[in-house]
Structure formats: C-alpha cells, structure tokens
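Protein chains get the first letters and strands the later ones, always in sequence-line order, with residue 1 at the start of each.
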Amino acid sequence: MGRKRIKLCSTRRYPQFQRFFDNVSKCNKFSGISHEQANSWYPCPPLKVVNPISEMKKQIEQLVVTALQQLAAQDMIPSDSLTAAKIERARDSKHGDFATNAALVLAKPAGKNPRELAQAIIDALPASELVEKCDIAGPGFINFKLSSTAYQSLIPTIISQADRYGRSELGAGKKVQVEYVSANPTGPLHVGHGRGAAYGSVVADLLEAVGYQVHREYYVNDAGRQMDILATSVWLRYLELCDESLTFPANGYKGDYVWDIAATLHRDHAEDYKVAAETLFEGVPADEPDGGDKEAHIDGLIQQAKKLLGDNRYRFVFELGLNTILDDIRDDLSLFGVNYEEWYSERSLMESGAVNQVIERLRGSGHLYEKGGALWFRSTDFGDEKDRVVVRDNGQTTYFASDIAYHLDKLQRGFERVIDVWGADHHGYVPRVKAALQALGEDADKLDVLLVQFAILYRGGEKVQMSTRSGEFVTLRELRKEVGADAARFFYVMRKCEQHMDFDLDLAKSQSNDNPVYYVQYAHARICSVLQQAAEQQITIASDASAIDYACLVESQEEALLTNLAKYPEALELSALNEEPHQLTHYLRELATDFHTYYNAHKFLVEDTKLRDARLQLILATRQVIRNGLGLLGVSAPEKM
RNA sequence: GCCCUCGUAGCUCAGCAGGAUAGAGCAAUCGCCUCCUAAGCGAUAGGUCACAGGUUCGACUCCUGUCGAGGGCGCCA
C-alpha cells in the first residue's frame, strides 16, 4: 500500500482527484504550445480568496508560453512537441523566485544546446513589470526574480484576509468523510491512539481549509466479542468487590479502570448482581495458566455471565462498561482538541439490519459461498490474497461484515471521498474492504485508507511495551497532562504518517527547549510582546495596511520573511492535498526562524515612523500566518510565554 | 514463505512531479543580552543519500535485485 504523493498538477496516480481538480491539474503544465491550448492554459476557477503570489506565478507562466509560441512560429522549436516544461519555485532563494526548465526539456526536440535555447526564450519574453530580472543558470534553467513591490503588496493582503489567508476553494465544497481513532471502547485511549487522533483531526481541518465540506466520524465498535469480554471483566471485578474469591481470566481486561467501573456498580447496586463464585466456573473450559485455552475460557465465562445474570442485568453491566469508557474517550479527545460530527455505532448497523442486508446483497450477486459451516466472501475475485469470512459457523457475523455495511453506508450517504485513518497493523485489511465495495458495485477508489505507523515509546532510553489487555500502557490522558496538548499534537504530526516514530517520553515530558512547538509559539509571543511595547510607548499602529509605503523594507531578512509569507497558501495546499500535516509544521518552523533572525538583526520600534509603520505591518502579517498555521494544527498561539 | 512500510550527518527527521553545490533541529566547537522576552541569533564542523544494477541529457527521487529494521498475513477485533 504505497502512499504516493499527490502533486497539485498530477492526477495520474490518484484518479479520484481527477474529479475534484480537473481544472487545477491543467494549471502549471505546458501541455503544448498551440493557441487553443495556450488560451485554455489556466482555466482555474476564480478563488474566493485570491493568493497574490500564485497569480504572479500564472502571469509568469503566461510570459513563458508567449515566448515559446513565438519560437515555435520561428521554427526554433517543434510546435508539436509535448513537453514537461514547468514553472516552479526556485529551490534556493539565491536563484530568484521562480524557475523554468523549459530550455532543458525542449533542447532535445529542438536539437539545440539548452543554454542557447534558454537565451532565445529570454529574448522572446515579453516585458513585464512583475519581473525584476531573469537569467540563465546551471545547465539551462531560467530564473525569474520578482520585483520587490510585488512581494510588498502581500502585506496588506494578508492583514485584510486575516484568518482566511491561505485558505482556498480547491475542494469546491465536495463532501469528504474522515474517520479516525475509532478505538474499541474497551479501555482508555493510549498514546498509540494519540497519533491517529492528532493526525486525523489535522488532516480533516486541512481539507476543510482548502474548501472541502468535512464530516468527522468515530466508528464505535460497541458490538462484538471484545465488548463482551469487557462486560464480563467488569462483572468479575464486581464479584471480587462482593468478597467473592475467584481467579481472574488471563484474557480479561485487567486495567484499573475496570475496577473503577466495577466499584460504581457495587456502590450503586450493592449486591444485586452477585452470584456465588463456585457456580460461575461450572462447565467453563480451563484457562491458559491451568493448561487450557484462554480464548475458550473467556468465551465460556461470557456465556456464564449472560446465563447467570439474565438478559436485562447482563445488558446493564455491558452498557455501564461501554458508556463509562465511551464518555471517558469522548472527554479525553475533546481535551486533546479532537472533535467529531458523529459517533457512529456498529450496533446500530446490526440492529437496523444493515449488516444482514449487505450480506444478502452479496449472496444474491453470487459473491458468497459456504465452507465449513461458515459463509465466505470471495474477495480474491477482486485482488485480495484470500477469501474472508463474513458469518462464522456459530452464526455470528464478523467484524468485517459490519465494516462492509459501514463503508457501504458511508458511500450511500453521498460522500465523494471517504478517508479512513487506521493503524498500520490494519494494512492487510484494506484490500478486503475495497473488494467488498467493488462487489457491491461501488467505486472503491473513493475510499482512501491512510495508515499511521505506531509511535514507539521510549522511557529511560528503553522501549515501553504496551498491551491494553494487561493494563500496561501510557494513556493519552497521562501524556496530555504531562506534556500538554499543544506539544503532544505538534510532536505527533511532525512526521509523515507512514514513518515509524520514536516518541521519547522523557524528552516530551521535560519542558525542554528541544520541543519545536515552543519555538514557533515563541515567535508569536514575541510579536505580541513587541506590539504591547508599542502600545506602552503610545505608538499607534496604522489601521489601514494598504496605506503604508513598504518600499523601505529592503533588508535581506525582510525579503526572506516576505517570501516565506507568500509561500503559506502553497504550503497549506500541499499539506492538505497530500494529507501531510508535517509539511505545515516544517513550514511554520521555517517561518519562525525567519522571524527570529529578523528580530535579532533589526529593531522594529525605531524612530523613523515610516520605517516603523512598515515593519510593524510586516510582523503583524507574520503573526497572522503563524496564528493561522498553528490554528490548523490545533495548537494554541500564546500571547505571552 | 508471501505482502506492506522504512533505510539520507553522531541522534531525530525534511527533501516539494527526476533538475542546479542533498537541507533543518538536537548534540559538538566558537561568538552575540546597558538594546522590542537569550524559550532567541550568527559562525564552524559533520554525508559514498543501505548496497548493486537498470531507465536518460540528468536519479536521494522511477524500475529490478540484495542486505537490514518494523508491521501484517486466524471462522481476532
């Protein structure tokens, strides 16, 4: 399952983007140099929020196209040559702002030396006020340097667009569903879930920022065997609180939270749920430590619990466990800045008959067969490695069966894209879900599964082993309390999701300045501090940023800062479309560096009022962008630190 | 055994459709606070991009293979 990067202008690998970005995909590519094509060359829909720099880029592209057309008319280059020529940002600011490789890729079909051809292109370029200079570099790149007034005009734009700066309408309001975390409600969330929570919520926010209508969802596995194990575990602990002596099953949930739920039951209902321990184990297969099978043992205990308690009382214990833990998870995530539009119940799928219906549909279309008393889905017809069971020989539907119904429901609800954020250990699950959707006649490409690698915890330089069942784990709540939600969130999304992550707890817990979130937040706090100083000195800050003369911003640090501020919309777009929050964190670190460098090199509150006004507007714009970026990451932008 | 992901500086990671001299942050060394918060800045040093082939004007990037790390391959969820 390779996650390939989606480039703004490439839809070859990701056909699902074709539908959404038909127009965008044509923006940056020279697909030919005929007039018709040139005229339809940037048919991007007008964005509600205009990004001035991308407008400039388009203008430069237009200049180059014009030049190429002229050369083609002079038969300098073949007019039918389809090229991969493109305009892109210069990698190194020393090279200017934009560069094109047109001469390099056209050299061969034209039968010319790339540098000579580059000169010919430059000579054919129409004059423009936008471009300060352009020159040939390296093997034949043409570099463009924008005029400084072009960049300076950005400051009032950012200030007036405020929190809208960087946002776009690329998604055109398309409905996207993002499902993340969806941990079984059998215990508190641990730090492994934290990564999926931070990643999923930021991806959702990013997509919303580029114009999608996003529906965030948590799939609650409130049916199934694991929940029965939880209910039984709670009940057994309750019996222990009733002074019954018993051996707790090896496969039961052993965390303290189980004791807590049991204590609630005992406090509120005294001994209403008590049975004698001796009757409990009648007819139950031996547990593992006694030479038996722990799975058979716990299943036997579940049956006993259901029988001895009866439907109503069993259901009560079950609900108590489920609701207590779900409330805890909800609360925990909310405090972590992770929220949902919907909590979707697996049980509701079963009770509404959706699971049975989908099985019948598959059976009717001949995709199921019986073997060994179980009902199998022939997923190998759709590229899966082996067929999968949907109904077990005991008549119970599998988790997979629910998942088919759930994913079908997602598509039937009209989402044009469905994104699942799963732990990487579920990767083998992807082909069978897609296979099922195909078998149901749905477009499986609408489903995108993003696999998040586990965070490996280190404490005292050693790996921390985690197991929910044994109760040995660091909870998300614990991490949040010790590290803070800001640092934890930033830390989690700093790396791309498919990258293994070493999470050094000691480092994260220590309020060390190694933590990059402080670095970015500090830049914001510093700007606030400067503005506070200005207020104390009775310096008024111009309310109309467009009335300021920015020509005095000539320092190299000012240029660097402006250049980076201009890149924010692109950084946001790439981060969102590739589902790569780490691109945004990297961007913010660079922006913070540019600011800190500027801060150390120059004073803002200078005597020269013209210069001071210009500088204050520049740092106001900087503060705005930092605030916007941190906001999308769900990280606060403190005014004081 | 088969499948997925990863392998870039001492450590943790970037590297944007294949493009210019491979970049940050820690750690190391040397500097910078009578000056808007030093949670900061500047400078130096540090790399055979795991290895070997292939594709082409050009490969850290694409393809194949090898080695190494992690994960997945149940009528579990």
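Relative to the side chain of A:Asn143, the nucleotides B:A20, B:A38, B:U37 differ in distance, and B:A20 lies closest. Distance from the side chain of A:Arg589 is smallest to B:G25 among B:G25, B:U37, B:G19. Of the candidate nucleotides B:C35, B:A77, B:C41, B:C35 has the atom lying nearest to any side-chain atom of A:Lys603. Of the listed nucleotides (B:C36, B:U37, B:A20), B:A20 has the atom at the smallest distance from the side chain of A:Ala99. Of the candidates B:C36, B:G19, B:C41, the closest approach to any side-chain atom of A:Asn600 belongs to B:C41. Distances from the side chain of A:Lys496 to the nucleotides B:C41, B:U37, B:G15 place B:G15 closest.
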Fill in: Bracket string, RNA chain B, 5' to 3' - pairs by Watson-Crick or G-U geometry under 3.5 Å, | interstrand
(((((((..((((.....[...)))).(((((.......))))).....(((((..]....))))))))))))....
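Atom CG in A:Asp594 sits roughly 11 Å away from atom P in B:C41 (whole-Å rounding). A straight line from OH of A:Tyr599 to C1' of B:C32 spans 14 Å, rounded to a whole angstrom. As a whole-Å value, the separation of A:Asn101 CG from B:C16 P is 15 Å. In this structure, NE2 of A:His596 is placed 10 Å from P of B:G42, rounded to the nearest angstrom. Atom CD1 in A:Ile527 sits about 15 Å away from atom P in B:G40, given to the nearest Å. In this structure, the CG atom of A:Leu591 is 20 Å from the P atom of B:A14, given to the nearest Å. If you measure from atom CG of A:Leu572 to atom C1' of B:C16, you get 15 Å, rounded to the nearest angstrom. Rounded to an integer number of Å, the gap from CG of A:Asn578 to P of B:A14 is 14 Å.
Within 4.0 Å of A:His524, counting heavy atoms only, lies no atom of the nucleic acid at all. Looking at heavy-atom distances under 4.0 Å, A:Gly423 makes no contact with the nucleic acid at all.
Contacts of A:Asp384 classified as salt bridge (charged side-chain N to carboxylate O under 4.0 Å, His left out), with partners at least two apart in sequence or in another chain: A:Arg388. Applying the salt bridge (charged side-chain N to carboxylate O under 4.0 Å, His left out) criterion to A:Arg615, with sequence neighbours excluded, gives A:Glu558. In this view, A:Arg347 and A:Glu319, A:Glu351 satisfy the salt bridge (charged side-chain N to carboxylate O under 4.0 Å, His left out) rule, not counting sequence neighbours. For the side-chain contact (heavy atoms from CB on, under 4.5 Å) test, residues two or more places apart in sequence or in another chain that qualify with A:Ala435 are A:Phe377, A:Ser379, A:Phe382. Residues satisfying the side chain to side chain donor-acceptor pair (under 3.5 Å) test with A:Thr398, not counting sequence neighbours, are none. Scored by the salt bridge (charged side-chain N to carboxylate O under 4.0 Å, His left out) test, A:Asp387 finds no partners at all (sequence neighbours excluded). Scored by the ring-ring contact (aromatic ring centres under 6.0 Å, His included) test, A:Phe490 finds no partners at all (sequence neighbours excluded).
OP1 or OP2 of B:A39 has not a single side-chain nitrogen or oxygen of A:Arg526 nearer than 4.0 Å. In this model, the phosphate group of B:G15 is approached by a side-chain N or O of A:His582 to a distance below 4.0 Å at OP1 or OP2. Between A:Arg495 and B:C13 there is a side-chain N or O to OP1 or OP2 distance below 4.0 Å. Close to B:C75, at under 4.0 Å from its OP1 or OP2, lies no side-chain N or O of A:Thr398.
Across B:G65 and B:C3, the matching P atoms stand 9 Å from one another, rounded to whole Å. Rounded to a whole angstrom, the distance from the P atom of B:A24 to that of B:C41 is 13 Å. Rounded to the nearest Å, the gap between the P atom of B:C16 and that of B:C6 is 13 Å. The same atom, P, is picked in B:G47 and in B:G40; the two are 27 Å apart, to the nearest Å. Distance noted for atom P between B:U61 and B:A52: 12 Å (whole Å). Distance check on atom P: B:C60 versus B:G7 gives 15 Å, rounded to whole Å. Remark: the separation of the C1' atoms in B:A9 and B:A28 is 13 Å, to the nearest Å. On the P atoms, B:G19 is 11 Å away from B:C62, given to the nearest whole Å.
Comparing A:Ala525 and A:Thr597 against RNA chain B, the residue whose closest nucleotide sits nearer the 5' end is A:Ala525. In terms of position along RNA chain B, the nucleotide closest to A:Tyr598 lies nearer the 5' end than the nucleotide closest to the other residue of the pair A:Tyr598 and A:Tyr399.
Glycosidic torsion of B:C60 falls outside 90° of 0, placing the base in anti.
Considering all non-hydrogen atoms of both residues, A:Ala488 and A:Val483 come closest at N-CG1, 4.1 Å.
In this structure the side chain of A:Val220 reaches within 4.5 angstrom of the side chain of A:Pro185, judged on heavy atoms.
No salt bridge links A:Asp403 with A:Arg432; every basic N to acidic carboxylate O contact stays at or beyond 4.0 Å.
How far OG1 of A:Thr186 is from CG of A:Leu326: 11.0 Å, rounded to the nearest 0.5 Å.
Under the stacking criterion of a centre-to-centre distance below 5.5 angstrom and an interplanar angle below 30°, A:Phe141 sits stacked against the six-membered ring of B:A20.
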Polar-atom pairs under 3.5 Å, protein N or O versus N or O of nucleotides 71-74 of chain B: list them with distances, or write none.
from	atom 1	to	atom 2	distance (Å)
B:G71	N2	A:His427	NE2	2.6

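A cation-pi contact links A:Arg526 to A:Tyr599, judged by a cut-off of 6.0 Å to the six-membered ring centre and 45° from its axis.
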